[in-house]
S.K.: 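If you scroll down you'll find the structure; I have some questions about it.
All ligand and atom numbering here is 1-based and tracks the order in the structure. It should be emphasised that the depicted structure is a prediction, and the values quoted were computed from it without experimental measurement. Position 1 is the first residue of the sequence, and the numbers go up from there.
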Amino acid sequence: MATHQENPMNDSVATPPAHASTDTTVLFQPIQVGELALPNRLVMAPLTRNRASAGNVPTELNATYYEQRASAGLIIAEATQICPEGQGYIATPGIHSAEQIAGWKKVTTAVHAKGGRIVLQLWHVGRISHSSLQPGGKAPVAPSAIRAEAKTFVAEGFVDVSTPRALELAEIPALIDSYRQAAANARAAGFDGVEVHAANGYLIDQFLRDKSNHRTDAYGGSIENRTQLLFEVCTAVAQEIGAGRTGVRLSPLTAFGDVADSHPQALFNRAVERLAPLQLAYIHVIEGETGGDRHPQPFDYAAMRKPFKGAWIVNNGYDGASAAEVVSSGRADLVAFGRPFIANPDLPRRLREGAPLNPLDGNTLYGGDAHGYTDYPALD
Ligand code: PHB
């Protein structure tokens with residue numbers, strides 16, 4: 001059982017108060033998420049920061065950054081490539097080499113020493129890559145050989161992503177095994193679990209949505225076929241490390257990475273329905289456009305959630321008041337914060353006390369050093 005909480009959305013919709021409360025105490029109620037006992041409902045969202053060292057190895061600086069944020073109920077560490085082909089941007093960390101596992105061990109040890117919990121987001125970018133980042137300078141892989149209208153960041157700066165080649169059917173088992181091995185590596189590195197990245201127009205999302213998936217084999221065409229890779233990856237990861245240590249992130253409406261679907265509600269309702277029997281610890285949903293418009297089109301998240309009994313994490317533009325409202329209404333169990341956690345290492349305390357938040361420096365998000373990374377001040 002992923003969570004001991006009842007899911008009130010399965011029965012009735014609670015009416016929110018006329019004025020959203022600024023009392024955030026509901027966010028500080030502990031919750032069991034799969035195997036993980038969390039002291040609060042505040043999740044640090046996975047955030048790409050492009051500060052891995054040569055070989056895409058995490059460093060002491062990365063350990064300091066995460067350790068500073070250990071008061072989160074759960075840290076979801078940044079998107080991390082499961083294999084060399086899974087990389088799409090410069091200086092993003094991996095979890096496929098011994099050096100990377102050793103680097104991540106510094107991070108998990110530091111977070112655990114501060115009393116925190118941390119899972120790793122398992123990432124394959126698919127077509128959102130550039131041949132200069134790929135082994136042998138080859139084309140990136142994707143469900144279909146369709147170039148995304150998207151940019152990535154390489155040694156020379158921002159460039160258009162490369163035209164991918166379609167994965168062959170015979171390559172899919174090895175791909176799934178890369179996710180399984182990455183999950184095992186994450187556990188070896190001391191992570192409490194993993195989050196399968198199936199959002200934001202990266203590889204699994206490219207398979208899910210029909211703008212990017214034009215396959216005619218068992219992984220394309222019908223909704224059943226397009227949800228097959230997601231299902232098989234989550235099954236393999238859960239078998240490897242336990243369903244209670246496995247979460248998944250979905251973004252039904254985002255257009256990030258040039259993805260779209262003709263029937264998102266039917267697609268994502270079925271995706272969750274297929275995942276439900278796996279009894280994963282949590283599903284983490286980006287509501288609307290990633291980092292943008294929360295309501296680009298109508299979508300019934302309660303309908304999507306209905307078959308799932310585990311913990312439900314929502315994300316995208318929440319503040320303390322709206323987070324408290326969504327948790328107290330029962331529409332979510334936890335809320336993930338991205339940008340506020342970059343600028344506020346002690347975000348939970350600030351939300352509990354109603355303290356002001358540090359502003360975000362948009363110039364230091366991607367790449368660089370300690371500046372804009374580990375030098376945001378905590379209270380006191
Ligand atoms: C990014 O590198 O910009 C990025 C990475 C992972 C995401 C979204 C954005 O899920």
S.K.: Looking only at the side chains, is there a donor atom on one of R274 and T227 sitting less than 3.5 Å from an acceptor on the other?
M.R.: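 Result is yes, a qualifying pair exists.
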
S.K.: How would you list, by chain and number, every residue that makes a side-chain contact (heavy atoms from CB on, under 4.5 Å) with S131, sequence neighbours excluded?
M.R.: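 Per chain and number, S131 pairs via side-chain contact (heavy atoms from CB on, under 4.5 Å) with S162.
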
S.K.: Give the protein residues with at least one non-hydrogen atom closer than 4.0 Å to an atom of ligand 1, ordered by chain and number.
M.R.: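 Within the 4.0 Å shell of ligand 1, which is judged on heavy atoms, sit T48, Y89, W123, H197, N200, Y202, F256.
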
S.K.: On the ring face of Y366, is R51 found with NZ or CZ under 6.0 Å from the centre and within 45° of the axis?
M.R.: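 The answer is no, since R51 fails at least one limit relative to Y366.
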
S.K.: Can you list every ring-ring contact (aromatic ring centres under 6.0 Å, His included) pair that touches residues 222-248, not counting sequence neighbours?
M.R.: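 Matches after skipping sequence neighbours: none remain.
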
S.K.: Side-chain polar contacts of residues 236-248 - donor-acceptor pairs under 3.5 angstrom, sequence neighbours left out - could you list them?
M.R.:
from : atom 1 : to   : atom 2 : distance (Å)
E240 : OE1    : R180 : NH1    : 2.8
R245 : NH1    : D192 : O      : 2.9
T246 : OG1    : G242 : O      : 2.9

S.K.: Regarding R352 and the six-membered ring of F28, is the cationic atom NZ or CZ under 6.0 Å from the ring centre and inside 45° of its axis?
M.R.: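 Yes, cation above the ring, under 6.0 Å and within 45°.
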
